[in-house]
Structures are given as structure tokens and as C-alpha cells.
Amino acid sequence: MEAMAWFIITALLVLLLCLIILRLRSSQSIHLPPGPLYLPIITDIFLLQISFSKLKPIIRKLHAKHGPIITFHFWSTPHIFISDRLLAHQALIQNAVVFADRPKFLKNHQFNIASSCYGPTWHAIRNNLASIMLQPSRFKSFSKARKCVLDALISKLKFEANFLNNSVELINYIRHAIFCLLFSMCFGENVDSRKIEKIKDIQRRLILSSGQLGALNFFPKIVSRVLFRKRWQEFTQLRKLQNDLLVELIQARKKVIEKNNDDDEYVVCYVDTLLNLRLPEEKRKLNEGEVVALCSEFLTAGTDTTSTTLEWVMANLVKDKHVQQMLVEEIEEVVGEREEREVREEDLEKLPYLKAVILEGLRRHPPTHYTIPRVVTEDIVLNGYLVPKNGTVNFMVADIGLDPTVWEDPTVFKPERFLKDAKNRNEFDAFDVRGIKEIKMMPFGAGRRICPAYKLAMLHLEYFVANLVLNFEWKTSLPGSNVDLTEKQEFTMVMKYPLEAQISLRN
Ligand code: HEM
């Protein structure tokens, strides 16, 4: 009996000691950022059912409760969400390399810049886009294509304004225009318009299905095929259709290259640069499948982001007549009495208010509300919390642009707030959209994986908005009605009620 008592007392003492050690350890070690309770399998299955759009309000609530850095667990991996601009700067700029990789689940099913891991292959294909394809002289070589697409857009809208009921659902026109422009940058001119329509349709279907396909990416290919058989079949069918059409174009382009090699007028397009590219690690050229995937990324990454932003900017110009008027006056002053009502590319740098309007559009309505997820390559401490090696990190782009400590009346569309920066076109003093010195907003992301095409995107936004406003007066479709700015998550954050505007020709 006595021995039993001693045994129980010793066991209790050992237990107490263990608890004290555990307690001491946990008070010393650095914790993951706070977040909801994780129940393996149950939480995972719950999260798999939730669409991305439903996740956002949940994350916002958790930020309100726990602060600017929180953790979700999914398949036992911590997913960290950051909504604070200073922490974003600390991570993406001050610790750029640690935050430069992408999670494996993105890499599962595709070869492209956005999902490549941080390394020589990513560097080669990104550099090809950012420094070879989008270098300043090549930017210029596409001026003719931009003008062609703009002319086609303006004449379609003129037709609507003259002969139809002059009410237009703008997004359909601009999405088509931007797609055609990127298409000619990618494959060159002279492609049959019916083929372009077909590819546009497939790219769109692939984009819209990408939300539903999110779950596929979390599993290895073989598991996805069994678990999500129907979705997988639809997806592979679309990919095959896309592949057949794009391969045909790539092969046609190879013949054009052979013929025109010495022609001074020859405009190098994205496919040409890809066909020339060598992967440094594997010491080989890209195969056809890889060229297809990179062309598809070029079309997808550029079309919806740019056209969605254009729609949001125009919606705000319809809503606020005063801003539209100020913009027209600025443009008229520069364009003057020219016969042709056109803002040329070289005019853009004389239009600071235009630049301010575009920046405000990107701040208030960034087309993507998160960056593409990063994975950290070593343990790092942010705000006193551990961001562990291999943890996934997401940045809340839209919330960062609405920070009331930086932006007065953050939800109001007020281009004037950028005017001082926009007037100063000097690279170093103008608004720092890359967030190098400090992040105030980050519509193009930040750090090593910042959007490589942000200058091209700014040019397209400025050029199209300026010309749309110079040529037409934009009003609400019904007198006295208002523009509804409710958001809806698709591939980008689009207008739930697409902008329908009444347009009339300006004299
Ligand atoms: C208004 C227009 C655009 C916006 C707002 C935008 C925004 C973004 C954002 C937020 C990212 C993620 C950056 C990060 O993870 O930090 C990104 C990445 C990327 N964007 Fe854009 N983008 C736009 C236009 C374009 C265009 C026109 C192209 C190509 C023609 C393009 C190609 C890419 C690529 C390839 C990446 C992946 C970069 C990498 O992982 O290294 N984007 N973009």
C-alpha cells in the first residue's frame, strides 16, 4: 500500500516537472502568428469546400481579432496572411530572397514564371520577359499594334454611340481590345481574327475554371486525377484544345522568323524570344509545351488584370463627373487643336492628372486582392512571430491600399492625393509603385516577384483611359442612376454589376 502511494506521488511529481518544462519551453520559444483552431482532416475538408471569395471576409475578421499577421493551417502547413504595409516591406523588400519562392502546390501542374521556384530557370524565363521582351526599345516597337487596337476599339464605340442606343457594357469591348493587343505582342500580327476569337474563348474558360481547379493543385497529379475525375477531364480537354491552337501558331511563327531574319522592319514578338531562350541549368532550349505554357501565362496574366482595372477606373470617372472633367481639360490642353482626336504615347508623360487617376484606380480597386503566395526558405521572425521555413505567406494587397494611417478617407476615389508624385516624372521622386523605400500600396506586388510587366500595364492603362475620355463623354446609362461599385471575385476582383455607360462623342 505504502509502495503504491510512493509510486503515485513520484508519478505526479514527474508529471508536474514535465508540465513545468513544457510551460517554460513554450514561453521561451517564438510562436506562429495567432489564428483559428486547427483540427487535422476536419479543418482541411472544411477549407477545401470554401471558395476563395468566401475566405476573404473570414481572413478580414481574423485580422480584426488577432492583428495584422495571422495563421491558417491547411494540410498541416501554416498559411500566414499579412495585412500590414510595414510588415510587407520587412518581408518582401528587407528579406527579399527569403520570400522569393513559391509554394509547391502552385508548381504541380504548370510551367510558367509565376509558379516557378526561385532559381536559375525562373530567373531565365522572368528575365526574358522583363528585360528582353519588355525593354524600352521593344516597348516602342508595339506602338503600331497599340494604335491599331485603339482605333478598332474607338470605331466600335463610335458605332454604338451613333447608331445604337449609345449604352455600352464596357468590359466586353476592353477585354477584347487588351486581349488582341497582348496577342499581337505574343504571336505577331496577321493572325486570322477567327483564330484569335477561339483562343480568347479557351483562355477565358481556363481562367474561369482556375478557381474551381484550386483544389487540384494541393495534390499530386495522380491523386487529383482520381479524386476530381470530372474536373480533371474538363481541364485536360481545355488544355489540349489550347495546346493544339497555340502549337499551330508557334510553328507558323517559326516560318516567319526564317523568312524575315534580315528584315529591318521585323518586329520581334514574345514567341520569338522564347524560341531563342536557353535554360541555363539544363543547357537546352524550351520545348513546345513550355513555350505554349509561357504564352498562355502572358495572355492570361495581362488581359484580365488590365481590363478589370480599366473598367474600375472608367466606373469611377462615370461616377465622378468632376474628376472626368478635370481629366478631359488636362488632355485637351496637351492634344490642343490637332485634327485627329488622339492621345499619343509620347503625350502621356505630360499628363500628371491622368497618372494620378490610374494610380488611384489601382489603389482603390487592385485587380488582385492578394499577391501570388510565397513560401519562405528559412525561419524568420516578423512582428514577434515565427514565420517558419516552408510556411506559405500571402499579402492582403487590397487592405494594404486602404490603410487609414496612410490614406485619408481611404475608400474615396481621390486622384489628387497622387498629384504631387505624378507631376514629378523623375524616376526617383515619383510615386514608388514598387514600394522600394516604403510600401503604401502594392497593386503589382513587391520584391523579387513583383509583376515584371508593371510598366507595360501602366502604359496600357494610361493610353486607353486617356483616349476613351478624349473621344467620348461618359455618363450613367439611366439619368439619375448611380454606378454600383460592389465587387465580385472571379479570376480578378471584377465589378459585380458590370459598368453600363451612356457614351456620346466629344467635339
Ligand atoms: C494592371 C495590370 C496588372 C496588375 C495589377 C498585375 C499584378 C500582379 C501581381 C499582384 C503579381 C504578383 C506579384 C507578387 O507575387 O508579389 C503579378 C505577377 C505577375 N504578373 Fe502581373 N499584373 C498586371 C499586368 C501584367 C501583364 C500585362 C503581364 C504580362 C504581359 C503580367 C505578368 C505577370 C507575371 C509573369 C507575374 C509573375 C511574376 C513572378 O512570379 O516572378 N502582369 N502581377
Side-chain angles (χ1 to χ4, degrees), residues 82 88-89 91-93 96 99-103 106-107 110-119 121-134 138-139 142 145-146 174-175 178-179 181-187 203 269-271 273-274 293-313 358-359 361-375 392-398 400-401 433-435 439 441-465 491-494:
I82 293 177
H89 190 267
L92 294 172
I93 306 292
F99 284 82
D101 207 358
R102 298 283 193 216
L106 283 182
K107 298 165 204 161
Q110 47 204 337
F111 174 89
N112 58 29
I113 304 172
S115 61
S116 285
C117 53
Y118 185 65
T121 300
W122 167 79
H123 192 267
I125 53 180
R126 181 179 162 109
N127 189 49
N128 178 65
L129 173 62
S131 310
I132 297 178
M133 177 62 193
L134 299 180
R138 202 143 290 150
F139 245 64
F142 291 103
R146 277 189 280 276
I174 47 183
R175 195 181 283 133
I178 298 295
F179 184 83
L181 177 51
L182 291 169
F183 192 90
S184 61
M185 292 182 76
C186 192
F187 294 105
Q203 292 293 132
C269 64
Y270 190 43
V271 171
T273 65
L274 294 173
L294 288 165
C295 290
S296 170
E297 175 184 54
F298 186 86
L299 298 173
T300 308
T303 304
D304 269 42
T305 45
T306 312
S307 45
T308 305
T309 311
L310 275 171
E311 189 191 27
W312 281 115
V313 170
I358 302 299
L359 286 171
L362 284 163
R363 178 194 72 81
R364 182 63 193 87
H365 305 283
T368 58
H369 279 206
Y370 308 85
T371 55
I372 304 169
R374 314 290 180 99
V375 74
T392 300
V393 186
N394 297 266
F395 297 86
M396 310 288 286
V397 170
I400 287 174
V433 81
R434 288 177 300 166
I439 289 178
M441 65 178 198
M442 45 184 291
F444 296 106
R448 299 279 159 122
R449 306 298 289 238
I450 189 173
C451 177
Y454 74 94
K455 281 189 189 160
L456 178 77
M458 287 299 291
L459 168 69
H460 288 172
L461 292 170
E462 291 181 25
Y463 184 63
F464 281 94
V465 168
F491 175 65
T492 51
M493 191 59 87
V494 298

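Start at 1 and go down the list; that is how both ligands and their atoms are numbered. Everything quoted here is computed from the prediction, not taken from an experiment.
- Heavy atoms of Glu297 found under 4.0 angstrom from ligand 1 belong exclusively to the side chain.
- At a heavy-atom cutoff of 4.0 Å, ligand 1 is contacted by the side chain of Pro367 but not by its backbone.
- Between the side chain of Thr305 and the backbone N or O of Gly302 there is at least one donor-acceptor pair closer than 3.5 Å.
- Annotation: protein N, O or S atoms under 2.8 Å of atom 21 (Fe) of ligand 1 (waters excluded) comprise Cys451 SG.
- Listed here is the closest heavy atom pair of Phe298 and Cys186: CD2-CB, 3.9 Å.
- In terms of protein heavy-atom proximity, atom 13 (C) of ligand 1 is nearest to Arg449 O, 3.2 Å.
- Contact between Pro367 and Leu362 at its shortest, heavy atoms only, is CD-CD2, 4.2 Å.
- Of the candidates Thr309, Leu181, Asn112, Leu182, the one placing a heavy atom closest to atom 1 (C) of ligand 1 is Thr309.
- Checking each of Arg449, His123, Arg102 against Tyr118 for a side chain to side chain contact (heavy atoms under 4.5 Å, CB included) leaves exactly one that passes, namely Arg449.
- Protein heavy atom in closest approach to atom 16 (O) of ligand 1: Arg374 NH2, 2.4 Å.
- Of the N or O atoms in Thr306, none lie within a sub-3.5 Å distance of an N or O in ligand 1.
- The closest heavy-atom contact to atom 12 (C) of ligand 1, among the options Ile372, Leu294, Ile178, comes from Ile372.
- Smallest separation of non-hydrogen atoms from Leu134 and Pro452: CD1-O, 3.9 Å.
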**Message:** Show, in sequence, the C-alpha distance, side-chain angles and deciding distance for Ser131 and Asn127, and conclude whether the side-chain hydrogen bond (donor to acceptor under 3.5 Å, both in side chains) test is met.
**Reply:** CA-CA 5 Å; Ser131 310; Asn127 189 49; 2.8 Å; yes
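- Using a 4.0 Å heavy-atom cutoff, Arg102 is listed among the residues neighbouring ligand 1.
- Here the closest non-hydrogen pair linking Leu274 and Cys295 is CD1-SG, 4.0 Å.
- For Thr368, every heavy-atom contact with ligand 1 shorter than 4.0 Å involves the side chain, none the backbone.
- The line from CZ of Arg138 to CG of Leu456 is 13.0 Å long, rounded to the nearest 0.5 Å.
- Proximity of Pro366 to ligand 1, defined as any heavy-atom pair under 4.0 Å, is not found for any part of the residue.
- Residue Ala446 has at least one heavy-atom neighbour below 4.0 Å for each of these atoms of ligand 1: 16 (O).
- Across all their heavy atoms, Ala398 and Pro366 have their closest contact at CA-CG, 3.8 Å.
- Between the side chain of Glu462 and the backbone N or O of Ile358 there is no donor-acceptor pair closer than 3.5 Å.
- Nearest protein neighbour of atom 7 (C) of ligand 1, counting heavy atoms only, is Pro443 O, 3.4 Å.
- Judged as a side chain to side chain contact (heavy atoms under 4.5 Å, CB included), and not counting sequence neighbours, the contacts of Ile450 are Arg126, Arg434, Phe444.
- At under 3.5 Å, a nitrogen or oxygen of Trp122, whether backbone or side chain, sits near a nitrogen or oxygen of ligand 1.
- When all heavy atoms of Leu294 and Ile125 are compared, the pair lying nearest together is CD1-CG2, 4.0 Å.
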